[in-house]
Structure formats: C-alpha cells, structure tokens
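Just below is one structure, and these are the notes that go with it.
One-based numbering along the sequence shown. First listed ligand is number 1; within each ligand, the first listed atom is number 1.
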Amino acid sequence: MANLTTRLGSLTLPNPVLTASGCAASGQELHQFFDVATLGAVVTKSIMTRPRSGRPTPRMAETPSGMLNSIGLQGPGIDAFLEKDLPWLSEHGARVVVSIAGGHTDEYVALARRLYDNPAVSMIEVNISCPNVESRGQVFACDPAASGRVIGAVRRAADPKVPVFAKLSPDVTDITVIARACAEAGADGLSLINTLLGMAIDTDTLAPVLGGVTGGLSGPAIRPVAVRCVWQVHQVLPHLPILGMGGIRSGLDALQFIAAGASAVSVGTAVFGDPTAPARVLAELEQALDERGFASVADAVGIAHKSVAEPVKEPA
Ligand SMILES: Cc1cc2nc3c(=O)[nH]c(=O)nc-3n(C[C@H](O)[C@H](O)[C@H](O)COP(=O)(O)O)c2cc1C
C-alpha cells in the first residue's frame with residue numbers, strides 16, 4: 001500500500017485529501033456521513049473578524065459541469081468560531097486548516113493573532129480573493145504587491161509553528177507572478193485555486209440570476225484551469241508545497257493535481273452532490289497510486305513534469 005503521508009510546510013498530514021473552504025462549513029454536517037478525522041484535514045469556511053450575513057439571495061446557480069455561488073463570506077465571526085466550531089473539530093480528532101478573510105491587512109493580522117498558540121490550529125489558509133477596502137475594492141489576489149503585503153503581515157503575526165498558505169485566484173493574467181510575490185513575502189505554501197468569476201442571466205426575466213450579480217464558478221468545469229495553475233506554479237516554485245483544488249470528484253482527478261505538483265488536494269463542490277466525496281476520493285486515490293506502483297504520495301508529486309523536457313512557450 002502506498003504511504004499516504006504528505007507534508008504542507010512544517011505540517012505532516014496522514015493523507016493528502018482535505019475539504020475545501022466554504023464547502024464543508026466547520027465539518028459537523030459531513031461528520032454524519034464519515035469520520036472527519038480520517039481526512040488529511042478539514043479546511044474551514046473563511047472566518048472574518050465579525051459575523052456576516054453574506055450577499056443577497058439567490059446565491060447559487062447551476063451551470064453545465066459546475067456551479068456559481070455568491071455566498072459572500074457569510075459566517076459567525078472569529079469569536080463564535082473559537083468558542084464552538086474549533087473545539088468541536090478538535091474534540092473529534094480532526095486536523096484543522098483555518099481559512100481567514102478580511103477587507104484590509106489589519107483584519108487578517110487580527111485573525112492570525114487570535115489563532116496564535118492554539119493547539120487546535122494546524123495551518124492557516126489566507127483567502128486573499130477579497131476586495132481590498134483600501135484599494136477601491138480591488139481583489140488582493142489580483143495585485144502582487146497587495147498579496148505580498150497581506151501574506152507578509154499574516155506570516156509575521158501568526159504562530160511560527162503554524163504554516164501559512166496563500167490561496168490564490170485564477171482570475172489573473174499570470175498566476176506565477178502572484179505566487180512569487182506570496183513566496184517572497186514568506187508564504188509556506190499556496191492553495192490553488194479559488195473560484196473563477198462568472199455570471200448567468202435568466203432568459204425569462206433577462207436579469208442576473210444571482211442576487212449578487214456575479215459569483216464564483218466551481219466544480220468540474222474549472223478543473224483544467226486549476227490543473228494548469230498548479231502546473232505553472234510548480235514549474236517556477238518547485239519546492240513550495242501546493243494544496244490543489246478545483247472540480248475534484250474522483251481519485252483520478254486528485255491524481256492529476258498531484259502529478260501536476262500538488263502535495264495535497266481539497267474537495268469542494270463535489271460534496272454538495274455527494275457528501276461522502278472526500279472520503280471516497282481518498283480511497284480511490286490510494287487505489288490509483290497502488291495500481292501505478294507508487295510507494296508514496298511524495299513520489300507522485302509533480303511527476304508529470306518529468307514527461308515534458310522544456311517548458312512549452314508557444315500559444316496553445
Ligand atoms: C459554496 C462555496 C463557498 C465557498 N466559500 C469559500 C470560502 O469561504 N473561502 C475560500 O477560500 N474559498 C471558498 N470557496 C472556494 C472553494 O474552497 C474552492 O477553492 C473552489 O470552489 C474550487 O474547488 P471545487 O471546484 O472543488 O469546489 C467556496 C466555494 C463554494 C462552491
């Protein structure tokens with residue numbers, strides 16, 4: 001059997017399959033379908049400093065091979081999270097990746113400080129796909145300087161024992177520029193990718209379907225974009241660990257991300273159709289690694305790069 005242990009910076013996980021932020025709340029609902037402690041880790045919904053009610057309804061729309069959501073970071077805020085959700089996860093033996101989000105750098109820093117020296121926190125994932133209030137709402141993750149500022153500030157404020165991962169948006173011209181800015185600012189790794197910005201129009205009312213007008217596209221439709229992002233970033237930063245995600249529904253989907261350079265994967269949208277998806281993906285991945293003769297997950301990380309001698313420079 002392949003050794004499933006994997007590392008995300010200084011964090012060692014028993015296996016490489018995690019939930020994706022926002023798709024499993026804080027793990028309680030999934031626990032009725034499988035033991036959340038059997039996953040590599042649970043990634044929480046992005047937590048903010050204060051409770052938030054999110055964006056107007058409707059907040060979900062189906063699309064071919066994916067879904068659009070405009071939840072708008074609805075959540076209980078850090079106080080309730082520390083009081084209820086984090087202790088629940090810890091009591092149930094889950095390793096916890098806490099996703100944090102904010103509108104300015106100080107908010108991210110305040111959240112990192114609140115998580116300091118808390119043994120229940122295994123890792124921090126910094127969701128920088130949020131509008132920067134100090135920069136007329138430009139999304140942090142679309143600006144290398146702003147991304148680097150937030151990540152550097154969080155890295156300095158966070159517990160040094162806890163890895164800090166930057167979660168990047170695919171909605172940029174060159175994701176490697178943002179990846180390098182985060183790495184130079186001290187990110188211990190990268191989560192790739194957040195949703196792609198999309199929208200849908202109702203052809204009866206001729207109005208946008210989502211109450212928030214635009215929303216994030218996720219699910220199998222975005223998988224090739226996500227695999228491409230993991231590939232490109234691993235090519236330029238081969239030693240920086242990557243948590244890959246985007247449309248993973250099966251063990252073979254997960255294997256694509258690992259072969260492109262991810263050390264672990266998150267399963268998001270698939271959970272809405274099949275709440276057992278993360279546990280199933282883990283079992284299927286283990287089988288796929290065994291069938292291909294891998295002694296460990298680590299041996300498969302980035303292996304697809306070996307089949308390409310030179311980076312392809314021409315347009316596709
Ligand atoms: C309903 C929903 C809510 C999400 N909420 C968050 C969030 O709070 N923070 C975050 O970083 N990403 C969030 N995401 C993005 C996912 O974590 C993931 O990056 C993306 O959906 C791609 O993976 P998937 O196709 O497997 O869902 C959300 C996605 C969905 C579908």
- Message: Ignoring hydrogens, what is the shortest heavy-atom contact between S122 and R95? Give both atom names and the distance.
- Response: OG-CB, 3.7 Å
- Task: For ligand 1, note which part of I193 has a heavy atom under 4.0 Å away: side chain, backbone, both or neither.
- Result: backbone
- Heavy atom of the protein closest to atom 26 (O) of ligand 1 (residue, atom name, distance): G268 N, 3.1 Å
- Task: Check each atom of ligand 1 against the heavy atoms of A20 and keep those under 4.0 Å away; list them by number with element.
- Result: 17 (O)
- Message: Ignoring hydrogens and geometry beyond distance, is a side-chain donor-acceptor pair present between R59 and Q74 at under 3.5 Å?
- Response: yes
- Rounded to the nearest 0.5 Å, how far apart are CD1 of I78 and CD of E83? 11.5 Å
- Item | Protein contact of atom 9 (N) of ligand 1 - nearest heavy atom, named by residue and atom, plus distance | S46 OG, 2.7 Å
- Message: As a quick check of understanding, evaluate side-chain contact (heavy atoms from CB on, under 4.5 Å) for T5 and N15, giving each step before the final call.
- Response: CA-CA 5 Å; T5 307; N15 69 68; over 6 Å; no
- With only distance considered, is M60 within less than 3.5 Å of ligand 1 through an N or O on each side? no
- Query: Do N69 and T269 pass the side-chain contact (heavy atoms from CB on, under 4.5 Å) test, and can you show the C-alpha distance, the side-chain angles, and the key distance before you say yes or no?
  - Reply: CA-CA 10 Å; N69 90 82; T269 300; over 6 Å; no
- Taking the non-hydrogen atoms of G246, is any one of them nearer than 4.0 angstrom to ligand 1? yes
- Just going by heavy-atom distances, which of N69, I47, L217 is nearest to atom 30 (C) of ligand 1? N69
- Identity and separation of the nearest protein heavy atom to atom 3 (C) of ligand 1: G22 O, 3.5 Å
- Query: Which ligand 1 atoms does C23 reach within 4.0 Å, using its non-hydrogen atoms?
  - Reply: 29 (C), 30 (C), 31 (C)
- Query: Are the charged groups of R50 and D79 less than 4.0 angstrom apart, N to O?
  - Reply: no
- Task: Around atom 21 (O) of ligand 1, find the nearest protein heavy atom and jot down its residue, atom name and distance.
- Result: S218 CB, 3.3 Å
- Candidate with minimal heavy-atom separation from atom 4 (C) of ligand 1, of S21, P170, S129: S21
- Query: How far is atom 20 (C) of ligand 1 from its nearest protein heavy atom, and which residue and atom name does that atom have?
  - Reply: T195 CG2, 3.9 Å
- Task: Would you mind checking which non-hydrogen protein atom is closest to atom 12 (N) of ligand 1, with the distance to 0.1 Å?
- Result: K167 NZ, 3.0 Å
- Query: Atom OG1 in T214, atom CG in L197: separation rounded to 0.5 Å?
  - Reply: 4.5 Å
- Item | Close-contact set for ligand 1 against M245 heavy atoms, below 4.0 Å | 19 (O)
- Item | Region of M67 engaging ligand 1 - heavy atom pairs below 4.0 Å | side chain
- Task: Return the residue, atom name and 0.1 Å-rounded distance of the protein heavy atom closest to atom 27 (O) of ligand 1.
- Result: T269 OG1, 2.6 Å
- Under 4.0 Å from one or more heavy atoms of N127, ligand 1 contributes atoms 9 (N), 10 (C), 11 (O)
- Message: I'd like to know if D85 pairs up with K45 as an ion pair, taking the criterion as any Lys NZ or Arg NE/NH1/NH2 lying under 4.0 Å from an Asp or Glu carboxylate oxygen.
- Response: no
- Item | Single-linkage hydrophobic cluster V43~I193, side-chain heavy atoms < 4.5 angstrom | no
- Query: Of the non-hydrogen atoms in P16 and L4, which two are nearest, and what is the gap between them?
  - Reply: CD-O, 3.4 Å
- Parallel, tilted or perpendicular: rings of H31 and W88 (30°, 60°): perpendicular
- Looking at atom 15 (C) of ligand 1, what's its closest protein heavy atom, distance included? N194 OD1, 3.4 Å
